[in-house]
Amino acid sequence: MSFNDNPQLDPRALKATSVKAEDPATPSDEPASLKITSASADPKMFTLPWEQPLSTWPKDILVNLPRGISRHIVRFVRVGDAVYAMKEITSNVAEREYELLRQLQKLNLPTVQPIAVVTGRHDEHGNPLEAILVTKHLRFSLPYRALFARALRPDTAERLIDALAVLMVRLHLAGFYWGDVSLSNVLFLKDADAFSAFLIDAETGDLQVELTQGQREYDIDLARTNIIGELMDLSSGELLPPDVDEIEVGNRLVDRYHSLWSALTDTDKFNPNEMWKIEKRVNRLNELGFDVDELEVTTTEDGKRVLVRPRVVDAGYANRRLLRLTGLDVQENQARRLLNDLDAYRASTWRDGEDLEIVATDWMREVFEPTVRMIPPEYRSQIEPAQFFHEVLDHRWFMAEKAGHDVPMADAVQSYVQNILPKQMMDAKTVDDLNAEADSGVIDDESTYDDVTAHHDEDDDYNPELDQDAAVWAH
């Protein structure tokens, strides 16, 4: 059933799509000529070599960014000033995923932005080619394997799991059944000392009015199984710290998910004279990054107890406050850190009684902007300004602790750029190695077999369907 056939869905989702996807299991006729369905017109899209398999597109239009492991051919392509991710899949699946991503975007959920779906592709001999789903590259984000190729903290795996738990809860609250939860289907943005997770693969998903407990539990159980396998794979490649227990990390997802779900959905019982506890509950949800739209308050039949359940509408409490004060649109934990520094600036300049909007304008001009302007040009595509600012603050604190006195911000920035930042960036060889590994998992594009069969004799009869490694990705 199409989303548009269910009037009970959120009206924002009902109005989101510009294609009506067919059932992926039902064959459909390919358009006779190239067809680009897009929410926004970009004439440069027509200049791309759609008549070529994606794996053979010329390097001069490709962008060498780390790619995650996928069952399909994926490439990053520069189109004008934008960078898009192109995924080659069947037309039914492409249209359905485009439709789903549009729905989720309208619901303000953390996903990649869908740009277009391209069907009716044919090569120069008239042979049909698979469709391509186009999404916008999420700047500064990385697949999970790329994160372990950088100099990160030993608890990186646990922080990724925490971010994935938040993402799953948000999706489930909105009625989205994922069906294929794994680290491979998520991009991560560094968010202060934590991470933010964004869905990138919705092929198996389904948007409903409300999920049953069984659907949610199945999603969680599948996520746990996939994550344990992915972490074991990292461990075998010596990318995971040796003291990490993969099964324990997988179990952590289940625990964190249930804890967060409970905090967001449970009904509290109070005595009529304990209404102050309602504010405490709301403050706790705000601390988790969720905003409360309204409270559902009822009383028991005897009038001795008050039942309160918050209606949680969105995450991003700190983000919205910082955006209102400064115009900075950053991740939630980054927003908290920047707001804390803004509060410290306000106190240090003896301006507690002054309008916060005015203080925030001065903080931007005197503190934030001079700091982020010091990001070296060669690193500006790899680290978000707000994340850079956060890490400089951390570095400044450690410098001050070691020196026994305050350290000027400019000195902290210079030290961080010289001693810390280069160790966290990836060089071109690391990116190439990651992408070669990502491409090794692709099984549905015949062009990827050519490189393999070239190393076999003609009588060897290599069959990719019998390749054990390939079979892993088939499931």
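Checked by atom type, the side-chain pair E203/H72 shows a donor-acceptor distance below 3.5 Å.
In summary, R396 and D341 do not engage in a salt bridge, as defined by a charged side-chain N under 4.0 Å from a carboxylate O. Between D362 and R365 there is a salt bridge, since a side-chain N of the basic residue sits under 4.0 Å from a carboxylate O of the acidic one. Using a 4.0 Å cut-off between charged nitrogen and carboxylate oxygen, D439 and R75 count as a salt-bridge pair. Note on R337 versus D394: salt bridge recorded, some NZ/NE/NH1/NH2 to OD/OE distance being below 4.0 Å.
Under the side-chain hydrogen bond (donor to acceptor under 3.5 Å, both in side chains) criterion, N251 pairs with R224, sequence neighbours left out. With sequence neighbours left out, T430 forms a side-chain hydrogen bond (donor to acceptor under 3.5 Å, both in side chains) with D427. Applying the side-chain contact (heavy atoms from CB on, under 4.5 Å) criterion to A386, with sequence neighbours excluded, gives V330, Q334, L338.
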Apply the test side chain to side chain contact (heavy atoms under 4.5 Å, CB included) to residues H390 and D193: give CA-CA distance (whole Å), side-chain angles for both, the deciding distance (0.1 Å), then the verdict. CA-CA 9 Å; H390 160 77; D193 290 326; 3.0 Å; yes
Give every donor-acceptor pair under 3.5 Å between a side-chain atom in residues 135-148 and any protein atom, sequence neighbours left out.
| residue | atom | partner | partner atom | Å |
| --- | --- | --- | --- | --- |
| S141 | OG | L138 | O | 2.5 |
| R145 | NE | E437 | OE1 | 3.2 |
| R145 | NH1 | D233 | OD2 | 2.7 |
| R145 | NH2 | E437 | OE1 | 3.4 |
| R145 | NH2 | E437 | OE2 | 2.5 |

Side-chain donor-acceptor contacts of residues 367-375 below 3.5 Å, not counting sequence neighbours, with atom names and distances?
| residue | atom | partner | partner atom | Å |
| --- | --- | --- | --- | --- |
| T371 | OG1 | V367 | O | 2.8 |

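Once rounded to the nearest 0.5 Å, the distance linking CG of L231 with CG of N226 reads 11.0 Å.
Sorted by first and then second residue, the pairs that involve residues 404-420 and meet side-chain hydrogen bond (donor to acceptor under 3.5 Å, both in side chains), not counting sequence neighbours, are E391-Y416, H395-S415, S415-N419, Y416-Q424.
Side-chain contact between E354 and T349 is absent, with no heavy atoms from C-beta onward closer than 4.5 Å.
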